[in-house]
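Data first, discussion second: the structure below is written as structure tokens.
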Amino acid sequence: MVELSQVEPSAPQIISITPLLKRLWPSPGDNNVTADEIALAISHIFTDQLSPVQTGALLTCLHFTGWDRRADVIAKCAEVMRAAASQIDSEHLAEAIKTRGRPEGEYNGGLCDIVGTGGDSHHTFNISTTSSILASSLLLLSKHGNRASTSKSGSADLLNATLPTAPNLMAVTPESIAKVYEKSNYAFLFAPVFHPGMKYVAPIRKELGWRTIFNLLGPLANPVEGNIEARLLGVARRDIGPVFADALKMSGARKAMVVCGEEDLDEISCAGKTYCWRLVDRSTAPDSSTNNVDIESFTISAADFGLPPHALEDVSPGKEPHENAQILTKLLQGQLPRDDPIFHFVLMNTAALFVVSGICEADTSDMGHGDDGKVITERGPGGGRWKEGVRRARWAVESGEAWRQWGNFVEISNSVDKQ
């Protein structure tokens with residue numbers, strides 16, 4: 001037995017959750033387990049106060065009871081994960097957003113994110129990452145991402161491989177993020193920088209070998225959550241879609257859409273139809289409760305964007321990060337053919353984020369050089385101006401604005417820690 005005098009003063013005190021584990025298995029509902037209790041237990045992981053055995057037992061119980069796929073559990077656990085993240089100077093960030101954001105239509109100039117849960121096993125091109133860069137031509141983007149866990153090329157792997165100069169992802173920190181937005185519409189928030197407590201669970205997740213609640217929490221754990229105005233969130237299973245929509249609503253989101261391609265794809269499919277669950281704000285006052293937020297479900301397909309369908313094998317190069325980075329650079333520089341399948345795939349997902357942000361509700365258009373100002377007012381499923389979204393996404397590439405914003409991010413990320 002270790003005497004107290006031998007314990008390092010800074011060593012965390014291990015907390016036992018044995019009573020909770022006994023109630024969690026096999027019937028948490030019968031034992032009146034609450035989402036708050038589960039979230040409290042999860043919070044101890046981030047402070048290294050839960051033993052590896054009890055952490056593994058907790059994740060296993062949640063997985064095999066299905067409670068890690070309940071909206072209230074996901075929302076509460078995401079909340080404690082964000083609380084455990086490195087804290088950002090919210091006031092400075094809010095000032096930078098207010099100065100840089102360009103409201104248009106029903107977009108108020110806030111931060112936006114486009115993210116997928118991963119794990120869909122299709123190995124498609126890095127669509128959400130590429131779409132986030134295109135969208136930064138008109139929106140402020142806060143792309144929360146990490147290295148690959150189930151694919152060859154994760155978002156961070158892709159960006160680290162870009163030429164001629166890669167961004168310094170480690171330089172975007174809680175202290176520097178406001179400075180980044182002073183120079184660029186785009187910021188990539190590298191998960192290990194903002195969620196240091198996740199290192200305690202990483203080896204346990206790897207040894208368990210099955211998906212845990214943390215596979216679902218990432219998309220809801222953006223460190224700048226309080227400043228996010230709109231997001232597009234892809235899930236790899238259709239049954240998770242409405243759960244995520246409910247979790248977003250519980251978390252206070254007002255502008256969001258959860259999508260799942262019918263092939264169990266965690267983004268809008270370019271091949272078949274896509275199931276959508278969109279949060280629609282019906283409130284008339286800016287600070288009213290989320291009781292006024294409805295969740296509408298519908299399906300969408302390539303034709304609704306004015307684009308032809310493409311087989312998934314045509315957009316699944318399954319390549320290494322440096323090869324995908326070459327495709328990304330060509331796309332941003334306007335060197336891909338206008339009818340390239342990967343380009344169409346990116347256009348659809350960028351367009352969807354534009355629609356969700358509200359920017360496509362503008363009845364006039366003055367994006368800048370190359371914009372003919374001809375707004376496409378046609379509405380499709382869910383009432384969205386999907387074709388207008390594509391028009392704006394094409395402009396982002398053809399005008400060079402997406403490439404310019406990307407260049408701004410690369411430059412500031414490589415200089416911000418020297419300032």
Residues [X], [Y]: salt bridge by 4.0 Å N-O rule:
{"X": "R23", "Y": "E37", "answer": "yes"}
{"X": "R391", "Y": "E378", "answer": "no"}
{"X": "K255", "Y": "D281", "answer": "no"}
{"X": "R82", "Y": "E79", "answer": "no"}

Looking at S137, S132, S136, S131, which one forms a side chain to side chain donor-acceptor pair (under 3.5 Å) with T350?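 Single side chain to side chain donor-acceptor pair (under 3.5 Å) partner of T350 among S137, S132, S136, S131: S131.
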
Is the backbone N or O of T129 less than 3.5 Å from a side-chain atom of N126, with the two atoms forming a donor-acceptor pair by type?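 Such a contact is absent between N126 side chain and T129 backbone.
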
Okay, side chain of Y181, backbone of L141: is any donor-acceptor separation there less than 3.5 Å?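 Looks like yes, one N/O pair under 3.5 Å.
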
If we ignore angles and hydrogens, is there a donor and acceptor under 3.5 Å between the side chains of T47 and Q49?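 The criterion, which ignores hydrogens and geometry beyond distance, is satisfied for Q49 and T47.
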
Tell me, please, which residues at least two apart from F305 pass ring pair (Phe, Tyr, Trp, His ring centres under 6.0 Å).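 So F305 forms a ring pair (Phe, Tyr, Trp, His ring centres under 6.0 Å) with W386.
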
What residues, two or more places apart in sequence or in another chain, satisfy ring pair (Phe, Tyr, Trp, His ring centres under 6.0 Å) together with H144?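 In terms of ring pair (Phe, Tyr, Trp, His ring centres under 6.0 Å), with neighbours along the sequence ignored, H144 is linked to H195.
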
Would you please name every residue forming a salt bridge (Lys or Arg N to Asp or Glu O under 4.0 Å) with D366, sequence neighbours left out?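 D366 satisfies salt bridge (Lys or Arg N to Asp or Glu O under 4.0 Å) with no residue once adjacent residues are dropped.
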
Regarding R392 and the six-membered ring of F354, is the cationic atom NZ or CZ under 6.0 Å from the ring centre and inside 45° of its axis?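 The answer is no; the distance or angle limit is not met.
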
